[in-house]
Amino acid sequence: MAVYLSLTVIVLLMALLVKQTDKDGGSIRIYQGMSRQQMVNHVTCLIIFVLLFAVSSLRLNVGNDYLNYVELMHLAYSRAYVPTEVGFNVLARVIYFLCGFENYVLIFAIFAFATIYFFMKAMYEQSKWFTMSIVMFMLLGYYFQSLSTVRYYLALSIALYSVKYVINRDWPRFVLVTLMGSLFHKSLLLVLLLYIVAQLNWKRWMYVGFGILGVSCLFLKDYYLKIVIMLYPSYKDTEYLEGGTSIVNIVRCVVILALSLWLYKDAIRDSRRNRFYFICNIMALVLYVFGSFIPVISRVGYYMTVTHLLFVPSLIMEIKDDTRKKALTACTIIACVMYFALYMRGAANDGIRILPYQTFLFHDLPLTLSERGYY
């Protein structure tokens with residue numbers, strides 16, 4: 001716990017040094033094309049990246065799926081059947097071949113590097129308030145959950161990064177980035193539909209139609225579930241079909257919806273970017289409320305709620321009254337701290353299991369199924 005708390009405090013303090021108001025220029029130039037503040041921004045982001053990467057890459061048997069991934073890497077290298085995507089399998093084979101031994105630590109480091117890179121690049125380039133985005137990234141558990149759900153959080157980071165292509169309607173790059181990311185987690189293909197729908201200029205009838213679609217889930221659950229099984233046949237007769245939803249995510253979406261409706265005229269109506277975030281939040285809310293029967297619904301919903309890292313800072317920055325802006329900023333930070341406390345309270349539980357923190361420098365990995373001689 002001390003490692004995580006220290007890391008969080010240091011990262012948040014470092015993030016205070018980043019001031020994006022000077023991103024496009026400044027009065028004092030270090031060298032041509034870069035101001036002093038830009039230099040501070042770049043150095044600070046590099047330090048934050050190194051700190052996050054170090055904690056993630058040095059871990060051993062930290063995360064709910066760590067041992068499972070080690071086993072899958074071994075099977076992929078052995079040319080046995082594995083249910084993981086081709087990108088993951090090829091990476092395992094290539095790294096193991098080049099190293100001459102089953103260097104799973106390096107593979108986890110590669111995933112950590114890519115995941116943190118895409119998250120930070122997305123927030124720095126797209127957020128109107130990088131510091132608040134980092135606060136939410138750390139305190140809402142995005143970073144820490146990436147220690148547990150490795151492949152999915154790589155896909156989630158790529159999804160957030162791809163948002164800029166959606167906003168700019170750069171469809172070739174959006175499709176290319178998404179397809180490349182889906183080589184490591186095929187659920188990323190969902191954003192090809194979700195993000196394209198969210199970027200449309202929604203009319204009233206579209207809101208009504210989407211609401212009717214949500215309500216229809218109450219009556220056509222079995223029919224929709226059959227469609228899901230057709231798309232993901234591996235879920236048939238498994239625990240994944242149990243579904244389930246998250247009250248915390250519903251509350252979060254409702255609060256952000258209320259805030260965005262309050263600021264709709266000033267911050268959303270004439271902003272293509274904020275409208276996209278607004279629609280993503282509505283789609284996530286409807287999905288969480290009416291789609292609880294959908295297998296691993298949280299993974300679908302997170303592709304939309306991850307935009308909160310960009311949406312909430314944007315809404316706060318649009319508030320013109322300083323008193324209200326400070327009050328909302330304080331409320332946001334308090335809510336994030338409360339969530340962080342609850343998350344860390346259960347961080348050792350099954351499904352998360354990022355505690356206790358261990359590193360390959362001082363600990364050994366338990367035997368995998370293959371090493372014990374049975375499956």
Side-chain angles (χ1 to χ4, degrees), residues 1-18 20 44-45 47-56 59 62-64 112 115-116 118-124 126-149 152-153 156-157 159-160 246-256 259 277 280-281 284 298 301-317 325-349 351-355 357:
M1 179 72 79
V3 173
Y4 296 149
L5 293 179
S6 300
L7 175 68
T8 301
V9 171
I10 294 173
V11 167
L12 297 186
L13 290 176
M14 293 293 297
L16 293 173
L17 299 177
V18 179
Q20 290 171 282
T44 300
C45 287
I47 294 174
I48 292 175
F49 176 87
V50 170
L51 291 172
L52 296 177
F53 174 69
V55 171
S56 186
R59 78 188 191 278
V62 174
N64 192 61
T115 301
I116 298 168
F118 282 116
F119 266 124
M120 288 197 62
K121 189 171 180 63
M123 290 185 290
Y124 185 77
Q126 301 179 57
S127 178
K128 287 190 175 181
W129 190 5
F130 176 79
T131 301
M132 181 57 71
S133 292
I134 284 289
V135 168
M136 297 176 67
F137 176 66
M138 297 299 296
L139 298 184
L140 294 182
Y142 286 97
Y143 168 73
F144 296 104
Q145 194 60 28
S146 72
L147 304 180
S148 182
T149 317
Y152 174 71
Y153 268 76
L156 192 65
S157 68
L160 185 65
S246 170
I247 299 300
V248 173
N249 284 331
I250 291 176
V251 172
R252 193 168 102 187
C253 289
V254 169
V255 171
I256 292 177
L259 176 62
Y277 303 148
C280 281
N281 185 65
S298 61
Y302 264 50
Y303 281 125
M304 291 171 285
T305 58
V306 72
T307 60
H308 291 170
L309 295 177
L310 307 176
F311 190 28
V312 172
S314 179
L315 290 177
I316 294 176
M317 294 301 289
K325 180 182 291 187
K326 291 178 181 178
L328 182 57
T329 299
C331 289
T332 301
I333 294 175
I334 291 172
C336 289
V337 170
M338 292 174 61
Y339 182 92
F340 181 73
L342 291 174
Y343 179 83
M344 283 300 169
R345 185 178 180 182
N349 297 341
I352 302 178
R353 219 184 62 75
I354 62 172
L355 285 176
Y357 180 79

Separation between CD1 (Ile316) and OG1 (Thr332), nearest 0.5 Å, reads 4.0 Å
Treating Tyr143 as the side-chain partner and Leu52 as the backbone partner, does any N or O pair qualify as donor plus acceptor under 3.5 Å?
yes
Would one find more than 12 heavy atoms of other residues, nucleotides or ligands at under 6.0 Å from atom NZ of Lys325?
yes
Which residues satisfy the side chain to side chain contact (heavy atoms under 4.5 Å, CB included) test with Ser148, sequence neighbours excluded?
Asn64, Gln145, Ile354
Does a sphere of radius 6.0 Å around CE in Met1 hold more than 12 heavy atoms from other residues, nucleotides or ligands, not counting ones at 6.0 Å or beyond?
yes
Kindly indicate whether the side chain of Phe144, heavy atoms from C-beta on, has any atom under 4.5 Å from the side chain of Val55.
no
Where is the tightest heavy-atom contact between Met136 and Pro313, given as atom of each residue plus distance?
SD-CD, 4.1 Å
Between CD on residue Gln126 and OG on residue Ser314, distance to nearest 0.5 Å
11.5 Å
Enter the distance from Ser56:OG to Leu7:CG here, rounded to the nearest 0.5 Å.
10.0 Å
As a quick check of understanding, evaluate ring-ring contact (aromatic ring centres under 6.0 Å, His included) for Tyr152 and Tyr303, giving each step before the final call.
CA-CA 10 Å; Tyr152 174 71; Tyr303 281 125; 5.4 Å; yes
Pairwise side-chain contact, His308 with Leu140, heavy-atom cut-off 4.5 Å (strictly under)
no
Kindly indicate whether the side chain of Thr307, heavy atoms from C-beta on, has any atom under 4.5 Å from the side chain of Asn281.
no
Once the angle between the rings of Tyr124 and Phe130 is folded into 0 to 90°, is it parallel (under 30°), tilted (30 to 60°) or perpendicular (over 60°)?
perpendicular
Give the ring-plane orientation class for Tyr4 versus Tyr357, where under 30° counts as parallel, over 60° as perpendicular and anything between as tilted.
perpendicular
Contacts of Ala15 that satisfy side chain to side chain contact (heavy atoms under 4.5 Å, CB included) - sequence neighbours left out
Ile48, Thr131, Ile134
Close side-chain approach of Ser127 and Met132, heavy atoms under 4.5 Å
no
Closer than 3.5 angstrom, by distance alone: can the side chain of Arg353 be matched with the main-chain N or O of Ala348 as a donor-acceptor pair?
no
Can you list the residues that meet the side chain to side chain contact (heavy atoms under 4.5 Å, CB included) rule with Val9, with sequence neighbours excluded?
Leu13
